[in-house]
A.B. asks: 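Input: one structure, supplied below.
Every number for a ligand or one of its atoms is a count from 1 in the order of the listing.
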Amino acid sequence: MGPESEVLVRFRDVEKTYDGRVNVVDRLDLEIRRGEFLTLLGPSGSGKTTILLMLAGFEAVTAGDITLNDRSLRNVPPFRRNMGIVFQNYALFPHKSVFQNVAFPLVQRRLSKHAVSEKVEAALRMVDLTGLGERRPHQLSGGQQQRVALARALVFEPEIVLMDEPLGALDKKLREQMQIEIKHLHEQLGMTVAYVTHDQGEALTMSDRVAIMNDGLIQQVGSPHEVYEKPANAFVANFIGENNAFEGRIEGSDGRNCVVRLASGDIIRARSAAERANGEAALLSLRPERLVIGSAAADMANRFGAKVVEVIYFGAHNRVRLAMAGRDDIIALAPAGTAGEALAPGAAVAVGWAPEHCRVLAPE
Ligand code: ADP
Ligand code: MG
């Protein structure tokens, strides 16, 4: 196995309760590999911050164990864990200069004055803040402050950097720019990152792997491509990207496809990761960009007549709401120019999709 697959952090059957009754993190088994960018993604309250706090040592685990390089962290205090931290509520020191803020972890570690100054300058250069060392945090923009926080987390070359919604306070444009910058830093430095966000776009853009959380439980761990194209269950399918869900029953199979009958009587052919018994209830997931509208739908295994309900212009594509198979809420993304003028409300269109783009999901 290459260095990429070496395990740096391992959560083993970790549980956390704050009130002694409800586990806000439950049955957590998760590995963070050395050098990877792993993101915990989930709605508010799903336990993401709690997991990072336990890893950083600011919250005790209720049960189970966390190891770093195969050694238990149980009795290791936060300042001995050698982890870089960028948390929203872990603000810069307002009365210290940028230089002093970044120098802080080095001074704590009693490095020589010379070494401190060299490492701080290098860290400021890395985040593109050269020359701003004398400023105070309030003399910087939000994005620059966030870069100082990043420099402070990286300056002592920690084994892992923990980031909890670090870009949450920034506006959309700056946030997207910082996503790319952090990703580039990760690639350049080969550091390990454990990142927390509730923003699925952010998670998909930045991560090597994403762990999707709901209600304290991991729903799926995989590459951005895997969790988007092969969601393990309905929660993942709905939380990541946009999803058309169909409910039906398994009626049989035709070789590689499951044949599913909807309540409307229509048949859909879809793929399933696991065997399904005839008669079993089935939930199908179909991404809007996989629906094809117009003559290209003619020879597809799933083919329907549909009526256009609504067309919303999005520049590079149109978002089309369709009525079909007894529903009126099926969403298709059509590249601008598709079927030209025909895509107007009320128009009758053919729609289709390939069975391999439609998935039978495991029940939640
Ligand atoms: P997330 O970061 O995904 O929003 P959190 O880890 O902050 O989730 O919270 C998970 C659950 O634990 C929530 O229900 C939250 O209300 C609860 N919780 C978080 N911190 C505390 C605390 N210090 N005391 C009691 N309950 C808490
Ligand atoms: Mg949180």
A.B. asks: Do you see an N/O/S atom of S44, backbone or side chain, under 2.8 Å from the Mg ion (ligand 2)?
C.D. replies: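 Not a single backbone or side-chain N, O or S atom of S44 is under 2.8 Å from the Mg ion (ligand 2).
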A.B. asks: Applying side-chain hydrogen bond (donor to acceptor under 3.5 Å, both in side chains), name anything that partners D266, two or more places apart in sequence or on another chain.
C.D. replies: S264
A.B. asks: According to the interplanar angle, ranging from 0 to 90°, do the rings of F87 and F58 count as parallel (below 30°), tilted (30 to 60°) or perpendicular (above 60°)?
C.D. replies: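 Rings of F87 and F58: perpendicular, over 60°.
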A.B. asks: Anything under 3.5 Å between an N or O on ligand 1 and a protein N or O? List each pair with its distance, or write none.
C.D. replies:
from, atom 1, to, atom 2, distance (Å)
ligand 1, 2 (O), T49, N, 2.9
ligand 1, 2 (O), T49, OG1, 2.8
ligand 1, 3 (O), S46, N, 3.1
ligand 1, 3 (O), S46, OG, 3.4
ligand 1, 3 (O), G47, N, 3.0
ligand 1, 3 (O), K48, N, 3.0
ligand 1, 3 (O), K48, NZ, 2.8
ligand 1, 4 (O), G45, N, 2.6
ligand 1, 6 (O), T50, N, 2.9
ligand 1, 6 (O), T50, OG1, 2.5
ligand 1, 8 (O), G47, N, 3.2

A.B. asks: Hey, which of R290, R287, R359 is the one that makes salt bridge (charged side-chain N to carboxylate O under 4.0 Å, His left out) with E229?
C.D. replies: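 Single salt bridge (charged side-chain N to carboxylate O under 4.0 Å, His left out) partner of E229 among R290, R287, R359: R290.
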A.B. asks: What are the two closest non-hydrogen atoms of F304 and A325, and how far apart are they?
C.D. replies: CE2-CB, 4.1 Å
A.B. asks: Is there a side-chain contact between F246 and V260 in this structure, where contact means two heavy atoms from C-beta onward sitting under 4.5 Å apart?
C.D. replies: no
A.B. asks: Treating Ile, Leu, Val, Met, Phe, Trp and Tyr as nodes and any side-chain heavy-atom pair under 4.5 angstrom as an edge, say whether F79 and V116 lie in one connected cluster.
C.D. replies: no
